[in-house]
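Shown next, in structure tokens, is the structure this report addresses.
Chain A is the first sequence line, chain B the second, and so forth, proteins listed ahead of strands; every chain is numbered from 1. Source: prediction; values computed, not measured.
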Amino acid sequence: MIRLHDTGLGRLADVEPRDAGKVSMYVCGPTVYGLPHIGHGRMALVWDVVRRYFEWTGLDVRFVSNITDIDDKIIARANEEGRSSTDVAVQYEAAWYDAVDALGVKRPTVDPHATAYVEQMISLIAGLVAAGKAYPTSDGVYLSVDTVPGYGLLARQSLDSLRAGARVDVVEEKRSPLDFALWKNAKPGEPTWDAPWGGGRPGWHTECVVMSLDLLGEGFDLHGGGIDLAFPHHENERAQAVAAGRDFARRWAHNGHVQMGGEKMSKSLGNITNLTDLLEMVDPRAYRLVVLQSHYRAPVEVTGTTLDAAGRALSGLDAFARRVADLPDAPADPQAIARFRAAMDDDLDTPGAVAEIWSLMKAANTALDAGDAAGAAPLAAAVRELAGAVGLVSAVAGDDIPADVAALVTARDEARGSRDFAGADALRDRLVGLGWAVEDTAQGTRVHRKDT
RNA sequence: GGCGGCGUGGCCGAGUGGUUUAGGCAAGGGCCUGCAAAGCCCUGUACAGGAGUUCGAUUCUCCUCGCCGCCUCCA
């Protein structure tokens with residue numbers, strides 16, 4: 001059973017599924033008003049790893065992650081560009097999935113859209129108003145946080161200290177500066193849905209409450225997201241659920257942010273902060289590895305240097321995959337599997353889990369150097385198994401070698417056979433010039449496409 | 001101002017009250033190789049600063065400095 005740091009409890013806690021054999025998790029997805037940020041990429045990767053790990057351990061995972069397709073920022077962008085907010089949302093939802101698909105992030109089981117849940121949101125809000133937990137004002141409907149027991153749980157702050165920190169608010173009608181909008185009345189020209197309090201749109205926090213409860217049911221297992229969402233977003237989700245008398249997430253977990261250091265990204269990367277551009281310049285797996293090699297709650301440095309280092313480490317993984325491609329199938333080394341699980345179960349220690357993979361590769365290589373294929377096979381199988389568990393697929397998809405390249409390879413083997421090394425070296429240079437990496441093996445010259 | 005996090009060897013990044021080490025990248029030396037590539041072996045003696053607790057702290061406490069996040073519907 002995996003233990004994760006629970007933001008509400010402030011300590012590690014078992015993630016004990018509500019239903020045996022099944023895991024229900026909700027992760028806040030993007031507001032689609034622009035290209036995804038590099039930080040969104042880390043968020044997506046972290047929860048993808050969690051999800052894959054659950055699945056790998058045999059659990060049936062229901063992973064819900066929303067798309068916020070109506071929001072102030074979307075409206076603002078639509079207005080700037082003179083088009084509908086739907087156009088904006090559709091465009092950037094596509095950009096979002098392009099990016100996370102490239103990262104190898106598995107699609108959610110369900111990806112609900114806010115605009116499809118407005119009716120349910122209205123009825124949740126109406127219930128809160130009827131119960132006296134929320135109140136309408138001239139510009140919308142607000143939740144009264146004073147009616148919510150335990151408000152401040154995720155912020156790790158008392159109501160008093162939150163109040164002390166609150167900025168001066170423009171809405172004088174709010175009963176407490178901490179009260180937040182459940183519903184926003186539409187201004188002229190804005191998208192609007194009919195509601196008892198006047199036409200408008202839902203506030204941001206309500207959608208996640210309604211959609212998670214609808215698609216996962218009460219008391220679902222895990223709610224995740226970036227640490228910046230802990231407060232106010234998740235706090236306010238929880239507040240609504242509590243006010244409505246619904247059981248909400250049983251565990252809360254949050255990933256840390258990306259830092260790009262004071263240092264600029266390397267020259268080759270420029271100062272990219274959006275994921276879409278980044279993924280055009282680096283192997284997406286390198287970003288996944290950078291994320292895996294840091295602890296999910298700690299800040300991680302993403303720079304050209306760290307991505308390059310990860311890329312080189314990955315080429316070692318790929319070289320290994322080529323080396324063991326012809327090894328006979330074998331069951332994965334059980335002790336390695338156990339060590340990996342111990343690391344992952346301990347608050348998702350992916351750095352330790354990945355270190356286990358490197359250590360297996362080293363052991364397998366040593367065995368192969370000694371000619372012990374039988375000894376290497378279970379280790380190689382474990383590498384495949386574990387790398388797959390964290391979503392690191394090695395890019396060995398057997399290159400189809402063009403005839404001209406194959407001819408050069410044959411010619412080189414012949415040259416080497418007759419100890420014509422000058423000729424062999426010249427042929428190697430030609431292959432390299434054509435973009436192929438050349439390795440000599442017991443089976444003769446082997447080539448594969450150079451990574452970059 | 002309030003709350004929280006972080007500061008580890010050339011770079012990134014785990015971890016732990018003490019005897020033996022994360023791991024990756026980079027560097028130096030070696031083995032292997034016709035030469036390479038890939039791989040393997042060896043080397044580097046790090047824990048922001050100060051005080052304290054302790055037989056002993058990088059690991060606990062306090063303070064200082066620096067960086068960052070949230071308190072503004074930003075992962």
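Along RNA chain B, the nucleotide closest to A:K362 and the one closest to A:G225 are compared, and the more 5′ of them pairs with A:K362. If A:A437 and A:V290 are placed on RNA chain B by their nearest nucleotide, the residue sitting closer to the 5' end is A:V290.
If you take atom C1' in B:rG44 and the same atom in B:rU21, they sit 14 Å apart, rounded to whole Å. Comparing the same atom, C1', in B:rG5 and in B:rG52 gives a spacing of 24 Å after rounding to whole Å. Taking atom P in both B:rC6 and B:rU16, one finds a spacing of 13 Å when rounded to whole Å. Taking atom P in both B:rG39 and B:rG24, the straight-line distance is 11 Å, to the nearest Å. Using atom P as the reference point in both B:rC63 and B:rC3, the two lie 12 Å apart (nearest Å).
Judged by distance alone, the side chain of A:W183 and the main-chain N or O of A:G198 form a donor-acceptor pair under 3.5 Å. A donor-acceptor pair is defined here as one N or O able to donate and one able to accept, closer than 3.5 Å; such a pair exists between the side chain of A:N185 and the backbone of A:S138. The backbone N or O of A:L154 sits less than 3.5 Å from a side-chain atom of A:E235, completing a donor-acceptor pair. Side chain of A:E207 to backbone of A:H113: no donor-acceptor contact under 3.5 angstrom is found. Put simply, the side chain of A:K133 gets close to the backbone of A:A243: a donor and an acceptor are under 3.5 Å apart.
Residues from residues 229-236 of chain A placing a heavy atom under 4.0 Å of any atom in RNA chain B, listed by number, are A:L229, A:F231, A:P232. For the segment residues 42-54 of chain A, the set of residues with a heavy atom within less than 4.0 Å of an atom of RNA chain B comprises A:M43, in numerical order.
Applying the 3.5 Å distance criterion, the base of B:rC35 shares a donor-acceptor pair with the side chain of A:D440. Counting atom types as modelled, A:R416 pairs a side-chain N or O with a base atom of B:rG34 as donor and acceptor under 3.5 Å. Checked by distance alone, A:R428 brings a side-chain donor or acceptor within 3.5 Å of a matching partner on the base of B:rA36. A:D425 contributes a side-chain N or O that forms a donor-acceptor pair with the base of B:rG34 under 3.5 Å.
For the residue pair A:D71 / A:W204, no side-chain donor-acceptor distance below 3.5 Å is found, with atom types taken as modelled.
A:H223 and A:H234 have perpendicular rings, their planes meeting at more than 60° on a 0 to 90° scale where under 30° would count as parallel.
Comparing B:rA75, B:rG34, B:rG39 by their closest approach to the side chain of A:N365 singles out B:rG39. Among the nucleotides B:rC12, B:rC35, B:rA75, the one closest to any side-chain atom of A:T306 is B:rC12. If you check B:rG34, B:rA22, B:rG24 against the side chain of A:A355, the one that comes closest is B:rA22. Side-chain atoms of A:P351 lie closest to B:rA22 of the nucleotides B:rA22, B:rA75, B:rC41. Closest approach to the A:W358 side chain among B:rA37, B:rG13, B:rG24 is made by B:rG24 (side chain taken as heavy atoms from C-beta onward). Considering only the side chain of A:A298, B:rA14 comes nearest among B:rG34, B:rG23, B:rA14.
Annotation: A:F220 is in aromatic contact with A:F248 [ring centroid separation under 6.0 Å].
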Dump every N/O contact between nucleotides 25-30 of chain B and the protein below 3.5 Å, one line per pair.
| unit_1 | atom_1 | unit_2 | atom_2 | d |
| --- | --- | --- | --- | --- |
| B:rC25 | O3' | A:R312 | NE | 3.2 |
| B:rA26 | OP1 | A:R312 | NE | 3.4 |

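Heavy-atom neighbours of A:R430 CZ from other residues, nucleotides or ligands within 6.0 Å: at or below the threshold of 12.
Among the atoms of the strands shown, base atoms are found under 4.0 Å from some heavy atom of A:E439. Counting any heavy atom pair closer than 4.0 Å across all strands shown, A:H257 reaches a base atom. A:R339 comes within 4.0 angstrom of no nucleic acid atom, judged by non-hydrogen atoms across all strands. A:D72 comes within contact range of at least one nucleobase, with a heavy-atom separation under 4.0 Å. When heavy atoms are screened at a 4.0 angstrom cut-off, A:V258 is found touching base atoms of the nucleic acid.
Helical stems in RNA chain B, defined as runs of 3 or more consecutive Watson-Crick or G-U wobble pairs with both donor-acceptor distances under 3.5 Å, are listed by first residue as B:1-7 with B:65-71, B:10-12 with B:23-25, B:27-31 with B:39-43, B:48-52 with B:60-64.
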- Task: Apply side-chain contact (heavy atoms from CB on, under 4.5 Å) to the pair A:D72 and A:R201, showing each step before the final yes or no.
- Result: CA-CA 10 Å; A:D72 291 355; A:R201 64 180 181 281; 2.2 Å; yes
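The side-chain tip of A:R107 points at the ring of A:Y97 from less than 6.0 angstrom away and within 45° of straight on.
With sequence neighbours excluded, the residues satisfying side chain to side chain donor-acceptor pair (under 3.5 Å) with A:Y151 are A:N236.
The shortest distance between side-chain heavy atoms of A:I401 and A:W436 falls below 4.5 Å.
Listed by first and then second residue, the side chain to side chain donor-acceptor pair (under 3.5 Å) pairs that reach into residues 370-385 of chain A are A:W56-A:E385, sequence neighbours excluded.
Using a cutoff of 4.0 Å between basic side-chain nitrogens and carboxylate oxygens, A:R412 and A:D440 are scored as salt-bridged.
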